[in-house]
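Have a look at the structure below before the remarks.
Labels below follow one simple rule: chain letters A, B, ... track the order of the sequence lines, proteins then strands, and each chain is numbered from 1.
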Protein chains: 2
Amino acid sequence: MTRDGRTGGAPRTRIQQRNRRAILDAALDCFSAHGFRGATLDQIARAAGLSKPNLLYYFPSKDAMHAELLSSLLTTWLDPLRAIDPAGDPVEQILAYVHRKLEMSRDYPRESRLFANEILQGAPRFGDRIGGELKTLVDEKCAVIAQWQAEGRIAPLDPHHLIFSIWATTQHYADFEVQVDEILAQGRAAQFDAAAVFLDTIYRRTLRP
Amino acid sequence: MTRDGRTGGAPRTRIQQRNRRAILDAALDCFSAHGFRGATLDQIARAAGLSKPNLLYYFPSKDAMHAELLSSLLTTWLDPLRAIDPAGDPVEQILAYVHRKLEMSRDYPRESRLFANEILQGAPRFGDRIGGELKTLVDEKCAVIAQWQAEGRIAPLDPHHLIFSIWATTQHYADFEVQVDEILAQGRAAQFDAAAVFLDTIYRRTLRP
DNA sequence: CGTGATCCTGACCGCACGGTCAAACATTTT
DNA sequence: AAAATGTTTGACCGTGCGGTCAGGATCACG
């Protein structure tokens with residue numbers, strides 16, 4: 001037994017790296033598609049091409065896999081917001097944020113759904129992370145937006161609700177993918193191109209001072 | 001044994017009405033909070049104040065409860081969209097739709113989350129209903145919106161994505177309630193008032209020809 | 001009051017789940 | 001080549017799940 005419980009502990013061997021990666025990828029598939037309780041270890045094991053006990057050789061428990069996924073997700077998930085530059089052009093900064101978020105929905109729909117599943121069910125295993133760094137970052141960026149508004153550089157709008165609307169409209173394409181697919185009879189690429197045009201338009205109109 | 005499997009079958013006695021109601025209400029609580037697999041019959045039974053076998057006296061299975069909830073949900077869920085009047089004023093019609101949807105998120109958050117849970121996980125027990133009446137209705141209303149645009153009465157925007165954005169922004173307040181609560185430090189009523197103002201503003205700006 | 005229909009429950013069943021473990025297998029080190 | 005370390009697995013365990021059933025309690029009604 002070599003596994004330590006530490007989340008960030010650098011895996012020593014190549015085989016550990018490969019297997020941990022495979023497990024987390026399979027777990028992401030299952031958790032995002034069926035929720036935490038809906039996903040089973042056997043399912044994850046099969047998807048990862050490993051046996052169930054072998055999964056538990058690399059991770060102490062099902063919760064541990066889920067926790068690691070969520071934990072490593074939050075950071076990258078907030079990066080686009082973090083990248084909003086107070087020194088940049090207000091409208092372009094916010095629009096760039098919209099586009100980055102939309103691209104994340106296109107390129108990482110599983111991560112979006114994992115997140116959505118967790119929040120939907122009351123964030124039972126996420127808890128303080130939301131009230132913590134997320135709220136801090138959001139409040140910080142809202143202050144920037146409020147400042148821009150005070151300078152008359154974008155239209156006055158409740159910054160928090162503006163951010164909510166950006167989250168909602170962009171993540172919708174990942175979280176509700178089956179619905180979107182069913183209603184739009186076209187390929188994913190075309191869907192996202194059209195969505196980009198649409199969101200660009202409405203936020204440009206919305207933000208114009 | 002008196003129960004027939006029919007979904008619309010009118011319950012004969014008062015006690016049947018009361019208990020079926022209580023069960024469906026408890027089931028809605030559980031399913032919306034934990035997803036289909038996450039909810040257990042014992043949990044639902046406790047919430048309904050009945051014993052587990054008694055639940056299965058009124059419903060043949062857990063799936064049946066879930067199916068009945070979803071089935072009776074879809075109709076009322078689409079009513080606000082159905083109410084869009086081609087003969088009315090375009091901007092006001094669409095804004096009224098936005099407000100109705102937002103009110104549904106405020107007044108029926110459990111239903112919204114039940115729906116979200118189902119779609120998120122690929123609509124495994126919903127299936128053709130989406131491709132059926134939902135798509136039909138949406139396409140119909142999109143045609144109305146396209147007509148309005150052709151007449152120059154509202155701004156040209158992809159109608160499907162417009163509807164997606166309305167769904168996303170309004171349902172967000174129900175589906176991601178814990179996140180919204182955590183970030184906004186205020187009561188629910190104030191949240192929804194602010195959201196109404198915000199959405200009214202952005203869609204007014206967006207739709208103006 | 002009696003009697004048939006309806007309503008309710010404790011005890012139980014089979015199964016699948018998360019997790020354990022001892023032992024086999026593989027790889028590296030000495 | 002053998003010892004030590006690291007990796008994998010089949011078999012197993014306890015629990016909680018959805019669901020069943022025989023029979024008891026309760027009700028509606030003649």
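- Within the structure, the side chain to side chain donor-acceptor pair (under 3.5 Å) test picks out the following pairs touching residues 175-191 of chain B (sequence neighbours left out): B/Ser112-B/Asp175, B/Arg113-B/Glu177, B/Glu177-B/Arg188, B/Asp181-B/Gln191.
- Classified by interplanar angle (parallel below 30°, tilted 30° to 60°, perpendicular above 60°), the ring pair B/Phe164/A/His172 is tilted.
- In this structure, B/Arg20 forms a cation-pi arrangement with B/Phe59, its terminal cationic atom sitting closer than 6.0 Å to the ring centre and no more than 45° off the ring axis.
- Residue A/Gln16 has a polar side-chain atom (N or O) positioned under 4.0 Å from OP1 or OP2 of D/dT7.
- Taken to the nearest 0.5 Å, the CD1 atom of A/Ile119 stands 9.0 Å off from the CD atom of A/Gln171.
- Rounded to a whole Å, the NZ atom of A/Lys62 is 16 Å from the P atom of C/dA16.
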Apply salt bridge (charged side-chain N to carboxylate O under 4.0 Å, His left out) to residues A/Glu140 and A/Lys135 and explain how you reach the verdict.
CA-CA 8 Å; A/Glu140 179 191 323; A/Lys135 177 166 168 48; over 6 Å; no
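- For B/Tyr58 and C/dC8, the shortest distance from a side-chain N or O to OP1 or OP2 is below 4.0 Å.
- B/Asn19 has its CG atom 15 Å from the P atom of D/dT26, to the nearest Å.
- To the nearest angstrom, P of D/dA28 lies 10 Å from CZ of B/Arg14.
- With DNA chain D read from its 5' end, the first of the two nearest nucleotides for B/Ile15 and B/Arg37 is the one closest to B/Arg37.
- Residues A/His34 and B/Phe36 keep their aromatic ring centres 6.0 Å or farther apart.
- The CZ atom of A/Arg18 sits 13 Å away from the C1' atom of C/dT27 (whole-angstrom rounding).
- Between A/Tyr57 and D/dT8, a side-chain N or O to OP1/OP2 separation shorter than 4.0 Å is absent.
- For DNA chain C, the neighbouring residues in residues 39-56 of chain B, judged by any heavy atom under 4.0 Å, are B/Ser51, B/Pro53, B/Asn54.
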